[in-house]
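This report refers to the structure that appears directly beneath it.
Residue numbers start from 1 in every chain, and the chains themselves are labelled A, B, ... in the order their sequence lines are given, proteins ahead of strands.
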Amino acid sequence: MASGAFPPLLPKVDAILVLDGDGNRLAGKYYGDFMKNPSTTAAAAGDGADTTTDNAAAAQSVEQLRNSFEQQLQSKIGGIAAKPDAAEVVTVLGKTAVFCGGSPPGNNGGGGDVRVVHVGPAGESELVLAHLVEGMYEALSHLMGGSTDRAMVLDNLELVFLLIDEHCDGGIILETDGQKLAGSVLLRDEQEPAMGQGMEGQGGGGMPGQAPPMQSGGGMGGLGMGGGEMTIGQALMQARNQIMANLNQT
Amino acid sequence: MAEGDGLTMNNLISEVQGALDKFKLEDDATGANDYYSPYANLEKAAVLQEARCFHDPTAVRESPRKCCTVIAQLLHLTNTGQYMNSAEATEVFFGVTKLFMSDDASLRRMVYLFIKDVAETCNPDDVIIVTSSLTKDMTCDVDLYRANALRVLARIVDAAMLGAIERYVKQAVVDSSGQVSSAALVSATHLFEKNEESAAIVKRWISETTEATSSPNEMVQFHAMQLLYQIKKHDRLGMQKLVTQFSQRNTLRSPLALVLLVRYTAKLLTDEVSEGRQSGSFQTGTNFSRAGYAFLEASLRHKSEMVVYEAAKSICALPNIEPQELSPAVNVLQLFLSSPKPAVRFAAIKTVSQVAVNHPRIVSKCNEDLEALIADANRSIATLAITTLLKTGSENSVDRLLKQISVFLSEIPDEYKVTIVKSIQRLCLTYPAKHRVLVGFLSNFLREEGGFEFKRSIVNSIVSLMKQVPETTEGSLLHLCEFIEDCEFTMLSTQILHLLGELGPGTSAPARYIRFIYNRVILENSAVRAAAVGALSKFAARCPSLRSSILTLLKRSLDDEDDETRDRASVAVSVLKDAMEEFPYLAPPEDADPDEDPVPDVPQAGDPAAFVLLQGLPMSFDRLDRSIRAYVKAPAAMDSPDQLTLSTLPIVEEYEEPESAVDDGDDIGADAALAAAVSGKEKEKKEVVDPAAAVYAIPELAALGRVFRSSPPTALSEEEAEYVVTCVKHVLPEHIILQFPIQNTLEDQRLVNCTVTVEGDSECFEVAGEVAAESIKYGETVNAFTVISRNPDAPLAPCNFECVLNFGVIQVDPKSGEDESDPFEEEYPLEELEIATSDFMAKVSVPDFRSSWEIVGNSNEVLEKFALQFKKQEDAVSAVIDFLGMQPCDGTGHIKPGEGGKKPHMLHLSGVFVGGTNVLARAQVAAQGDASGVLLKIAVRSDDPDVSRMVADCIR
């Protein structure tokens with residue numbers, strides 16, 4: 001039996017990616033040495049100031065590596081739609097990639113076109129990876145208010161970054177439960193549901209129930225509208241910021 | 001007042017809402033395409049500009065939202081490949097540290113995230129300044145802050161700082177909040193991998209970690225298990241105890257933690273087998289094997305699919321597993337095959353296909369489920385199902401299977417097709433009777449659309465089938481001929497043309513291939529034309545009856561515009577003309593009796609065309625290349641008056657080929673680029689230094705002549721000894737030069753005038769001289785040499801030599817390196833050195849063992865029979881190779897997996913004995929079944945009866 005087939009004793013994922021329907025990376029994180037050529041690590045470890053150009057060049061090649069990996073990935077997963085509770089599996093460059101989401105071909109622009117992909121070593125159990133990806137996808141759709149289309153995710157990238165961070169730390173999985181994940185991203189503590197109310201003006205913290213953040217498109221993602229806990233001054237300040245922002249765009 | 005206030009506020013809010021709705025409406029009206037996202041079309045410079053606001057305390061206090069967005073934008077930049085350079089990163093980083101002033105939770109969260117991201121790219125010295133802020137957060141009472149601060153800290157602390165905050169981390173491990181506890185455990189796992197010092201600190205938290213395994217929080221259990229394994233992984237008994245405890249106590253709730261436990265159990269069981277404590281059935285093995293297997297088996301009934309699958313997979317991967325122990329696992333996998341979840345089906349089919357390699361019978365009960373999977377929407381699953389079926393299917397199901405596949409093949413990517421082609425090739429080997437159908441099937445796909453890799457894999461499969469199943473040859477050649485009629489790949493065309501030239505003339509009707517080949521001469525590019533001309537001339541050389549017609553064809557290529565084609569044509573034409581004059585072809589008379597044996601259409605002895613066009617080199621190009629390199633390296637070789645001929649070239653041993661990974665063909669996605677990278681590395685490895693170079697460097701030794709072969713180094717002392725001595729034996733026609741690399745590991749000594757005295761009791765060996773290593777400083781390795789002369793008249797017999805290292809010691813000051821004393825004499829006994837007959841044998845393979853065996857003939861054959869004390873056939877085979885020091889040929893050096901012990905194994909060996917005598921040996925190794933030993937029958941042939949006898953006597 002090939003040596004790669006033995007499951008890792010210290011399970012780690014190699015990458016977590018959030019890709020849109022065309023395979024563009026909306027957010028994502030690569031862990032460990034995956035898709036990283038050795039020269040990069042050396043340059044990063046060296047003295048920062050001297051290696052500015054090296055860093056840039058190395059970074060460029062890392063980006064190329066990653067892009068080409070994502071292209072290969074997309075060529076395999078494009079056109080497959082995976083239900084939120086039934087992740088699909090493909091293998092790319094000897095890695096196992098498990099994903100949720102996506103839309104079937106011919107359904108362009110429809111909802112749910114974002115894919116959450118977990119990439120793991122070949123020996124990793126597909127079921128474990130599926131468990132992880134399903135957990136994260138659940139949290140994502142919860143955070144995005146049920147519609148995980150490209151625009152929604154792009155508007156709320158901040159939450160996606162936080163989600164990835166709460167889900168996985170340096171390749172080791174931190175939490176897989178979708179509800180708990182969404183809770184920690186929105187700063188709702190599992191044990192102390194009221195804790196968030198202590199912080200003023202935080203995104204979604206004071207919102208009643210499980211309501212997701214704003215559905216609106218224009219730059220409002222995550223803006224706390226819990227008017228009850230705000231002082232008037234803060235409400236005004238936020239409103240002004242928001243209006244200014246909207247004016248600037250249009 | 002309160003009422004008024006409320007009113008104003010309500011008014012305000014509704015007004016704001018109204019305004020927002022209006023904007024939103026406008027947005028919607030302008031269309032979905034130009035909606036604005038804070039992350040669309042970001043420019044790095046603009047965001048960096050924005051980031052300046054971090055330095056403004058008012059902005060930080062009053063609009064934390066804005067700061068959050070800017071941080072997210074920065075993260076998005078790095079995410080899309082617009083990396084900051086070091087200067088920019090440092091500046092932003094200092095800005096971000098200012099944000100610790102704000103108490104806003106969301107902002108703090110983003111700050112943590114940013115520091116973690118930047119910690120990888122920033123100068124570590126800069127990052128360290130946030131430690132105090134983080135330490136403060138780590139000790140505060142908000143779980144979220146503590147958990148995150150811990151994780152960030154783990155990224156940036158070094159071992160010394162870790163020591164300072166150890167107390168807090170240790171506490172956090174057993175914190176009541178799952179979030180904090182998990183964060184602490186995961187951070188500890190990262191720290192453990194970071195460096196030795198941190199690992200040493202983490203090891204001290206073992207009792208806290210053990211406590212955490214009984215946490216009610218599932219993830220904490222998982223993380224605690226992981227860390228416990230990290231800490232204990234080199235402690236076999238500790239791990240066994242851990243695994244036994246947890247599998248019996250049944251306290252782990254988390255499926256992920258159980259998955260880990262299953263993996264640890266399987267790892268330990270595998271180690272039990274590989275370290276020889278366990279053999280045979282696991283149920284009757286050691287205590288641990290029994291308990292371990294029982295736990296795996298019990299896990300097959302767990303309620304979580306993850307755990308069940310892990311247990312099934314682990315059982316299937318256990319070494320030497322008995323079929324009855326395997327079948328519960330396969331039953332579970334069979335259920336999984338029809339799961340609605342693709343991941344479950346994929347995992348199950350992957351494992352099943354691996355089991356099918358060694359236990360096709362057990363898997364065959366899943367055949368129905370497998371057939372259902374051929375239509376699976378996930379192509380990887382479908383492909384795996386087919387390849388598995390091809391392994392487990394019976395002979396009569398082949399036709400039905402092929403029909404199903406041919407529908408499927410047209411709609412999948414090439415990569416999967418290649419996998420299937422390989423499986424079909426294997427199937428054809430299992431059922432040679434089906435070759436016509438299978439080869440026909442393969443060649444159908446040659447005609448369809450497909451990329452180079454796909455076509456090449458088919459051609460390779462067909463070609464290797466021709467070698468292994470000779471009946472396929474004629475049919476396959478015609479298929480290939482048709483393929484090159486319309487083949488866009490030059491490489492494949494040339495390969496096939498060459499093959500036609502080799503095999504075509506030997507078939508029943510060689511003439512029918514000529515048309516296909518000549519078409520290539522007319523229609524193709526220069527490389528293919530040259531190959532076609534080459535093939536034509538081979539036909540002419542091998543079949544005198546075709547010569548005159550081929551000569552006409554070849555003459556047309558004499559004015560080809562391509563040099564190579566023209567050269568080949570003119571050589572062939574001139575040689576053929578001579579040959580036809582010398583040996584004119586006599587057609588058999590028209591009225592010859594058809595019942596009579598036809599005159600064989602072969603060239604007569606001495607035919608020049610046959611010699612020039614058909615005789616290959618007596619050695620491979622690879623070997624020629626190595627021999628010439630070795631020739632040039634030997635001193636004075638270039639000035640030698642002797643003529644350089646193939647037979648006077650030095651013998652160069654084969655390199656140990658790195659055992660190529662068994663390519664079972666099922667690794668979907670096995671990627672060509674990776675494989676190329678690996679083979680590239682192997683090539684680099686092959687550039688080894690000639691071991692004899694050290695000998696040639698010393699003029700006295702170089703004068704003794706060319707080194708025939710050099711043995712790999714053998715150790716004469718312990719590796720940890722004060723003076724580490726190894727020995728390399730260089731064999732020359734009449735001498736043996738012993739090279740002793742001596743390493744001085746003592747810091748306060750310098751060794752001078754080192755020699756190794758060897759003493760042996762033998763008629764044929766006599767010590768002739770020594771070359772001392774003059775001075776060896778601390779840490780250096782210097783060579784000493786001892787020359788032994790061999791009496792060529794006395795028969796070679798193995799001989800042991802006592803070795804003693806003689807040297808002078810000078811005490812030195814380790815700091816300054818200056819000598820502190822005069823040398824005093826010392827002796828240091830070394831282990832015995834053996835010179836065996838096999839040292840005089842160079843491992844050289846022959847291209848075609850069978851024909852060489854026949855050519856040498858049995859006039860000097862020595863036959864012997866031995867009973868060897870080996871338990872396993874494999875061991876006996878490798879020992880025989882070792883005894884004789886010869887090169888195994890035709891891949892007989894290893895017993896095919898799965899055949900061990902059942903049949904007698906035939907070993908083909910070849911080598912060159914000192915003096916240049918070619919030696920061939922056939923050895924039959926048969927296990928006697930009752931494990932009482934192994935029976936060896938060996939036949940040795942060479943041109944010299946004494947050599948044959950000596951070689952046969954090598955067996956002990």
Whatever's closer than 4.5 Å to a heavy atom in chain B on A:D177 counts as neither

- Go through A:E166 and B:R109 one step at a time and tell me if the side-chain contact (heavy atoms from CB on, under 4.5 Å) criterion holds. CA-CA 10 Å; A:E166 286 292 341; B:R109 189 72 192 73; 2.6 Å; yes

Here the pair of heavy atoms bringing B:K341 nearest to A:D85 is CE-O, 3.5 Å

Honestly, the part of A:L26 sitting under 4.5 Å from a heavy atom of chain B is backbone

Turns out that what part of B:L256 lies under 4.5 Å from chain A's heavy atoms comes down to side chain

Using modelled atom types and a 3.5 Å cut-off, is there a donor and acceptor pairing between side-chain atoms of B:R151 and backbone atoms of A:D165? yes

Turns out that what part of B:L75 lies under 4.5 Å from chain A's heavy atoms comes down to both

For A:V89 and B:N378, the nearest pair of non-hydrogen atoms, with its separation, is O-ND2, 2.9 Å

query = Can we say A:E126 and B:K313 salt-bridge, meaning some charged N sits less than 4.0 Å from an Asp/Glu carboxylate O?
reply = no

For this session: Under the side-chain contact (heavy atoms from CB on, under 4.5 Å) rule, what do A:L174 and B:M219 come out as? Steps first, then yes or no, please.
Result: CA-CA 7 Å; A:L174 265 183; B:M219 287 315 282; 6.0 Å; no

Honestly, the part of B:E310 sitting under 4.5 Å from a heavy atom of chain A is side chain

Between A:F161 and B:A72 the two heavy atoms that sit nearest each other are CE1-O, 3.4 Å

Comparing B:K350, B:E218, B:E305 against chain A, the one with the most heavy-atom pairs below 4.5 Å turns out to be B:K350

Check for a donor-acceptor pair, side chain of B:H190 on one end and backbone N or O of A:D169 on the other, with a separation under 3.5 Å. yes

When the 4.5 angstrom heavy-atom criterion is applied to B:V259 and chain A, the contacting part is side chain

Turns out that what part of A:V98 lies under 4.5 Å from chain B's heavy atoms comes down to neither

The interface call for A:S75 against chain B, heavy-atom contacts under 4.5 Å, is neither

Note: vs chain A, highest number of non-hydrogen pairs under 4.5 angstrom among B:K233, B:Q230, B:H223 is B:H223

(message) Strictly below 4.0 Å, N to O, side chains only: are B:E193 and A:K12 in salt-bridge contact?
(response) yes

Applying a strict 4.5 Å limit to non-hydrogen atoms, the region of B:F222 in contact with chain A is side chain

